[in-house]
K.L.:
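Sharing a structure here in structure tokens format.
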Amino acid sequence: MHRILWLVVAAAFVASLVVPETESPATDDGCPPRDLRVPALYAVTGYWVIPRADPCVTRRMVEAVHSIGGDTLITFGPRFAAGRPGPDFAACQVDGRPCAEPPGARVRRVYTYVTSEEFGDGMLRCPGIDRRVEVEGRVFYRLSLAESCAAREHDLVLVSTDGDGIGHLIREATAYGMTVFPGLPAAPQRPGKPWEPDLAHTAALNAFTARVLADYRARFGSLAAFGGVYQSFELAARARSARDPIISLYAAQHAVVADALPGKKIVVSPYIDARRGRGFPPSQVPAGIADIAGTRAGLPMAIAVQDGRGTGKVPVHGPHEAGAAVAARLEPVVGAVTNSEAYYGSTADYVEAAARRVPDGVELWVNIEGFEPTPVPGECGRVDPLPLRGRTTKARLDQQIMAAGPHPSKIISYGWDPFFTCQARHDTPSLADDIAAGWRQPIIVAAYRKELNGRAGVQVEGYNLRGGTLDFGGTRVKQEWYGRTSRLESAWAPFVPTSPWVPITATNEAGESSTSPYVMR
């Protein structure tokens, strides 16, 4: 129930904050009119979302993300799976024959693809083989991957879909002035090593990817929201070997993207793992970023480094806390030890390493994980698929944004549903509600000593800093200068630090204060 309820609660709450004249006129599609207001502007501006077959549910989802400052939507690509069709395809029959057995055609291999999108007529190229099949309200596609319809053998793809979720998402995002990056078809996984792609199927994957992207170009090419694609097969942001299978997959599939969608952006979100004995140190990140960038095939690329806090693979803490005990929510992952005993470094260390050498043609983004490694009693979160994950707090998201520092050009988060939308009870707020209520709270992402007009002081950078005071470990000083760039704000106050670690909090002109202090080295 919460997957529907949050849409109503979040949209209703944030809509009550500001009421400009931006509501769309009534539409004739049976859905409520669009509400284009943006009453809250949080630092996170992009989210992973789940495509919805219902256009009205899609509208409310896009509206809820948009209402707290979101301008970017990303989806995971479905798995392009090798092997016999499962129960999802039992109903797919043509003239009494299973879809996997087209008459008069020799079938070499069958792939399956379970998605939330409906393709255009251009996907159907081979008469008699390629078919769109409707059975009891469900839609299937049978597609040949052969280079010629007259080929002696055909590899088939059987597609099962629950509706045009991707189409609804891109059309709604266009109306809200947002950008969508639908996921590329995800490569088959290697048997026994699911973290690696099975490169034996790369040719088939590329042929199917080319068909899907050609369909996207035909259906969405004129829509401003279609920004590019997301690479769905994950990898670690560390130094790779010369023959790394995931890099080989990226290079092959991204070449297909470059051919089908020239000028569009590829988004990749590699993970970091700071756990000692299992992960890798920050020093390996620049080489990993360079290897990923080398697969972009001339296209613009955004590399959104996962911060690792939600999975417990990386801690979020200040530079003075290496010897402190790990956060309680991380103990199920690494045990009751100190940060330095459990991890090679913090999120800040890894993001700083990634920012040292950002390759040409690449934007550095940060993907803050909007969940906890495990749930606690009474907490909502994810129950399917495993592993179980718990809901986090707005204050912890603020800490993750703080740890990302001034380096990323954009901050995004996995994932909107259920982590930002679930409710412990029907009458308690979701995380999206908490963001809407507290978005004005300042977040400091950098601080350094700086003279202004010959006077010593400290300048901070971050969000929602305008006016008010800066508090330096109990010494409150009024701001005397404020400025902003396109993304970050700056504020200065006269203060001379006298200790090595100075905790700084901000209180702005709205009377809102930081949820956590920033510690200046």
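Along the sequence shown, the residues carry numbers beginning at 1. Values reported hereafter were calculated over all heavy atoms of this structure, with side chains retained and with hydrogens, waters and symmetry mates removed.
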K.L.:
Angle between ring planes, F220 versus Y216, binned at 30° and 60°: parallel, tilted or perpendicular?
P.N.:
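If you compare the ring of F220 with that of Y216, the planes turn out tilted.
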K.L.:
Any side-chain donor-acceptor pair under 3.5 Å between Y250 and Q231?
P.N.:
no
K.L.:
What is the minimum heavy-atom distance between V333 and G312, and which atoms define it?
P.N.:
CG1-O, 3.6 Å
K.L.:
Considering all heavy atoms of both residues, which atom of I246 and which atom of E234 are nearest to each other, and what is their separation?
P.N.:
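Here I246 and E234 meet closest at CD1-O, 3.7 Å.
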K.L.:
Go through the side-chain N and O atoms of Q423 and T428 and say whether any donor and acceptor fall under 3.5 Å apart.
P.N.:
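No donor-acceptor contact under 3.5 Å links the two side chains.
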K.L.:
Ring centroids only, cut at 6.0 angstrom: are Y344 and F280 within range, meaning strictly under it?
P.N.:
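Centroid distance Y344-F280: not below 6.0 Å, so no.
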K.L.:
Report yes or no: do S430 and D433 form a side-chain donor-acceptor pair below 3.5 Å?
P.N.:
yes
K.L.:
Looking just at side-chain N and O atoms, do K394 and Q441 make a donor-acceptor pair shorter than 3.5 Å?
P.N.:
yes
K.L.:
Going from CG on L169 to CD on E117, what distance comes out if it is rounded to the nearest 0.5 angstrom?
P.N.:
11.0 Å
K.L.:
Rounded to the nearest 0.5 Å, how far does CD of Q253 lie from CZ of F208?
P.N.:
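The CD atom of Q253 is 11.0 Å from CZ of F208, to the nearest 0.5 Å.
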K.L.:
Which atom names give the shortest non-hydrogen contact between R296 and I266, and what distance separates them?
P.N.:
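Looking at all heavy atoms of both residues, the shortest contact is O-CD1, 4.3 Å.
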K.L.:
Can you confirm whether or not the ring centre of H201 sits under 6.0 Å from the ring centre of Y111?
P.N.:
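That pair passes the under 6.0 Å test.
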K.L.:
Students often mix this up, so state it plainly: with edges at 30° and 60°, are the rings of F140 and F89 parallel, tilted or perpendicular?
P.N.:
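Tilted, since the angle between the ring planes falls between 30° and 60°.
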K.L.:
Could you check whether Q399 and S516, counting side-chain N and O atoms only, form a donor-acceptor pair closer than 3.5 Å?
P.N.:
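The answer is yes; a qualifying pair exists.
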K.L.:
Nearest 0.5 Å, please: how far is CZ in R391 from CZ in F419?
P.N.:
12.0 Å
K.L.:
Using the ring centroid of each side chain, check whether Y463 and W439 are separated by less than 6.0 Å.
P.N.:
no
K.L.:
Decide if the gap between the ring center of F76 and the ring center of Y414 is smaller than 6.0 angstrom.
P.N.:
yes
K.L.:
If we count only N and O atoms by modelled type, under 3.5 Å, do the side chains of S269 and N367 hold a donor and an acceptor together?
P.N.:
yes
K.L.:
If I take atom CD1 from residue I412 and atom CZ from residue F181, how far apart are they, to the nearest 0.5 angstrom?
P.N.:
9.0 Å
K.L.:
Please evaluate residues L299 and K265 with respect to the criterion side chain to side chain contact (heavy atoms under 4.5 Å, CB included), reporting the C-alpha separation (whole Å), side-chain torsions for both, the decisive distance (0.1 Å), and the verdict.
P.N.:
CA-CA 6 Å; L299 293 177; K265 184 177 295 181; over 6 Å; no
K.L.:
Between F119 and Y141, is any pair of side-chain heavy atoms under 4.5 Å apart?
P.N.:
yes
K.L.:
Is it the case that S346 and H317 place a side-chain donor and acceptor less than 3.5 Å from each other?
P.N.:
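Their side chains do not contain a donor-acceptor pair, so the 3.5 Å distance test is not met.
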K.L.:
For the atom pair CD (E321) and OG1 (T338), what is the distance rounded to the nearest 0.5 Å?
P.N.:
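Reported to 0.5 Å precision, the distance equals 12.0 Å.
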K.L.:
Can you find a side-chain donor-acceptor pair between D398 and Y42 that sits under 3.5 Å?
P.N.:
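Judged by distance alone, the side chains do pair up.
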K.L.:
From D198 CG over to L205 CG, what is the distance, rounded to the nearest 0.5 angstrom?
P.N.:
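With rounding to 0.5 Å, CG (D198) is 10.5 Å from CG (L205).
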K.L.:
Between R138 and S160, do the side chains contain an N or O donor and an N or O acceptor separated by less than 3.5 Å?
P.N.:
yes
K.L.:
Heavy-atom count check: over 12 atoms from other residues, nucleotides or ligands less than 6.0 Å from R357 CZ?
P.N.:
no
K.L.:
Quick one: sort the H320 and W501 rings into parallel, tilted or perpendicular, breaks at 30° and 60°.
P.N.:
tilted
K.L.:
Classify the side-chain pair K410/T45 by whether it contains a donor and acceptor separated by less than 3.5 Å.
P.N.:
yes
